[in-house]
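The next block holds one structure in the form of structure tokens; read it before the comments.
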Amino acid sequence: MNQQSEEEFLNKIREIVKEEISKVDFRKINYERCINNMTEILENYKNLKQFVDQVENVKFSKAEIDVAKEKELERIMEEVFSTKEIYLESLYKKHLQTKLFLNFLDNTFKEYITVTENSMKPKSELKIAILTEVYIEGKEMKQFLYEHKLGYGRTFYYARTELFEELAVRVFGIYALKL
């Protein structure tokens, strides 16, 4: 290929790429990602709570704490911050991040429940029950459907989808809006 035909080919490829990129609706991608993330968060909420409780219930002896402090001092003195991080410190960081996130979620859920109770919108009670019983308490879905006499669960799935959308906005902000 000569120089001119290569440039024409590259220009044509650039035009095709620009055209294809313009067709992609990034708002829809962000919305779907937020809804999927909210689903994962709710489905793993109880496990995250158990993780935080488990780490908080671990008691370390004075000797273990002293050894960890000594290793930390060695690490600081060597100025190697990423390669010699001790396991307990790493676990503690994960615990703190998870605990902060769960505190945020707990506050978000409380506020959502308060606002939803006062809204008097259709399915408000059902959405609150789904959040508290299925996701916070960890009740099995079949048991929930039976106790609330929801049969095949169409109403449940519709209310759950609304719950995901409403909570996603509270957790992820504008990125969770379906624009």
Next item on the list: Taking Lys46 for its side chain and Tyr135 for its backbone only, find out whether a donor-acceptor pair lies under 3.5 Å.
Entry: no
Check: Which pairs pass salt bridge (Lys or Arg N to Asp or Glu O under 4.0 Å) with one or both residues in residues 106-121, sequence neighbours excluded?
Finding: Lys49-Asp106
[X]: side chain to side chain donor-acceptor pair (under 3.5 Å) partners, not counting sequence neighbours:
X      : result
Asn44  : Glu40
Glu165 : Tyr31
Ser124 : Ser119
Tyr146 : none

Checklist line | Set of residues satisfying side chain to side chain contact (heavy atoms under 4.5 Å, CB included) with respect to Asn107, sequence neighbours excluded | finding: none
Note to self: Val169: which residues meet the side chain to side chain contact (heavy atoms under 4.5 Å, CB included) condition with it, sequence neighbours left out?
What the structure shows: Ala176, Leu177
Margin query: Applying salt bridge (Lys or Arg N to Asp or Glu O under 4.0 Å), can you list everything that pairs with Lys99, at least two apart in sequence or on another chain?
Written below: Glu56
Next item on the list: Check salt bridge (Lys or Arg N to Asp or Glu O under 4.0 Å) between Lys139 and all other residues, then give those that pass, not counting sequence neighbours.
Entry: Glu133, Glu147
Next item on the list: Carefully, step by step, assess Lys127 and Glu162 under the rule salt bridge (charged side-chain N to carboxylate O under 4.0 Å, His left out).
Entry: CA-CA 8 Å; Lys127 289 188 275 190; Glu162 283 183 5; 3.2 Å; yes
Check: Would one find more than 12 heavy atoms of other residues, nucleotides or ligands at under 6.0 Å from atom CD of Glu125?
Finding: no
Note to self: Tyr45: which residues meet the ring-ring contact (aromatic ring centres under 6.0 Å, His included) condition with it, sequence neighbours left out?
What the structure shows: Phe109
